[in-house]
Engineer: 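Right, I'll just put the structure down here and ask away after.
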Amino acid sequence: MFSPGPTPVPERVLLAMAQPLIHHRDPAFEEIFQEVREGLKYVFQTEQDVLVFASSGTGAMEGVVVNTLSPGDNVLVVRGGKFGERWGEICEAYGIEVTPIDVPWGEAVDPEMVSRALDGDPSIKAVLVQACETSTGVIHPIEELAEIVRGRDGTILVVDAISALGTYDLPMDRWGLDVVVGGSQKALMLPPGLSFVALSEKAWGFVERSTLPKYYFDFKKERESQRKNQSQFTPAISLVVGLREALRMIREEGLESVFARHQKLARATREAVKALGLELLASSPSPSVTAIKVPPGIDGKKLKSAFEERFGLIVAGGQAQLKGKIIRIAHMGYFQPTDVLQAIGALEMLLKEMGYPVEMGKGVKVAEEILSS
Ligand SMILES: Cc1ncc(COP(=O)(O)O)c(C=O)c1O
């Protein structure tokens, strides 16, 4: 599974989830949930509560909008891919006025553009952005954006870190990020179905003033329950049990080592691809997923399906305007060096079969050298 979500689930996590179900009002569950809440704080690098929801990541994104904003509010949305567009769509669905900062797909936002837009309209309530824009494999400059937003009392920085959390250092408290959103099916090594949200003190102030309607995603009520190691509604019990195991694995490896592993896997993938004469899409490539431009003369859709048909490997193609133009190889979560070698080896063989001139083994060799360094 080389798709940027869902990602491979470790055997330890699968086995934990296969245990007989326990009841969510049982003290045994509360104990598990307590450990999970602590583990999530470690991964988010925050002292704040990290709320857990039974939903996909988009549910938590919607929850952030309805809990921090009010009808008629004006927000800045960084739109450099499919998930940036999603922030805009959610806001518009709730009557929020969206000022888009459009960024060419494959590029990261220039923080100056955000700074100028905020200077031009001090009424802007939030800047919504992705840490990793999964559709293009780009990482946006979150630390710089946080510096720009930090000094403005009336504005919060909302970071969709669904495909970034646990792949590189994104310290919520140290950088002063106001809202961070995560999802289970990425570097947290679980199946889809859980989403996570943490809010700064400043963002909780916005929650106090928000007048948009909310029910399932009511952050204040949910925080009250979760502080008692319960949840307002029936939680996804098995996924929470699996999450405890995944968080234990992350703690055992240590966040720094987890980040270093991702950096190495990403660098090996990128350098291997370049050695084959291919181009990367992203100007500032993410440690979670590598987006590769399909070379001229090669059918991108066929290349993607050939990975599965010939080798049983699932990679992702491009979305929307990038359909058929890129393939994306993920290295997010439960990945080891040999996984990269497998993906690059398959890429070499498929390109050769499809008539693209590749020197067999060239990419694999470059990757091996990086991975064994
Ligand atoms: C950056 C980013 N944001 C949002 C989402 C949406 O999450 P979900 O599909 O879990 O709703 C994804 C999923 O791929 C993502 O990668």
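Atoms within a ligand are numbered from 1 in the order they appear, just like the ligands themselves.
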Engineer: Is the F33 to F29 ring centre distance short of 6.0 Å?
Structural biologist: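 Yes, close enough.
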
Engineer: What is the closest protein heavy atom to atom 14 (O) of ligand 1, and at what distance does it sit?
Structural biologist: K186 NZ, 2.6 Å

Engineer: Would you call D299 and K304 a salt bridge, taking side-chain N to carboxylate O under 4.0 Å as the test?
Structural biologist: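 No, D299 and K304 are not salt-bridged.
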
Engineer: Below 4.0 angstrom from a heavy atom of C132, which ligand 1 atoms are there? Numbered from 1 as shown, please.
Structural biologist: 1 (C)

Engineer: Which atoms from ligand 1 have a heavy atom of T134 less than 4.0 Å away?
Structural biologist: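 The atoms of ligand 1 under 4.0 Å from a heavy atom of T134 are 1 (C), 2 (C), 15 (C), 16 (O).
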
Engineer: Please evaluate residues K365 and E369 with respect to the criterion salt bridge (Lys or Arg N to Asp or Glu O under 4.0 Å), reporting the C-alpha separation (whole Å), side-chain torsions for both, the decisive distance (0.1 Å), and the verdict.
Structural biologist: CA-CA 6 Å; K365 179 170 186 290; E369 274 159 10; 3.0 Å; yes

Engineer: Using a strict cut-off of less than 4.0 Å between a Lys/Arg side-chain nitrogen and an Asp/Glu carboxylate oxygen, indicate whether R248 and E252 qualify as a salt bridge.
Structural biologist: no

Engineer: Which of the numbered atoms in ligand 1 are below 4.0 angstrom from a heavy atom of S56?
Structural biologist: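 In order of number, 8 (P), 10 (O), 11 (O).
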
Engineer: Give me the nearest non-hydrogen protein atom to atom 12 (C) of ligand 1 as residue plus atom name, then the distance to 0.1 Å.
Structural biologist: F83 CE2, 3.3 Å

Engineer: Which heavy atom of the protein is the closest neighbour of atom 9 (O) of ligand 1, given with residue, atom name and distance?
Structural biologist: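 I find the closest protein heavy atom is Q185 NE2, 4.0 Å.
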
Engineer: What atoms of ligand 1 come closer than 4.0 angstrom to any heavy atom of M61?
Structural biologist: 4 (C)

Engineer: Between E208 and K220, does any NZ, NE, NH1 or NH2 come within less than 4.0 Å of an OD or OE carboxylate oxygen?
Structural biologist: yes

Engineer: Under 4.0 Å from a heavy atom of R86: which atoms of ligand 1 are those, numbered in the order shown and with their elements?
Structural biologist: 6 (C)

Engineer: Going through the distances and angles, do L255 and I250 end up as a side chain to side chain contact (heavy atoms under 4.5 Å, CB included)?
Structural biologist: CA-CA 6 Å; L255 261 192; I250 292 172; 4.0 Å; yes

Engineer: Which atoms from ligand 1 have a heavy atom of T58 less than 4.0 Å away?
Structural biologist: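 Close to T58: 6 (C), 7 (O), 8 (P), 11 (O).
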
Engineer: Please determine if P4 has a nitrogen or oxygen closer than 3.5 Å to a nitrogen or oxygen of ligand 1.
Structural biologist: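 In fact, backbone or side chain, P4 has no N or O that close.
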
Engineer: Please lay out, stage by stage, how L76 and L128 fare under the test side chain to side chain contact (heavy atoms under 4.5 Å, CB included).
Structural biologist: CA-CA 6 Å; L76 277 190; L128 298 105; over 6 Å; no

Engineer: Give me the nearest non-hydrogen protein atom to atom 2 (C) of ligand 1 as residue plus atom name, then the distance to 0.1 Å.
Structural biologist: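 For atom 2 (C) of ligand 1, the nearest protein heavy atom comes out as D160 OD2, 3.4 Å.
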
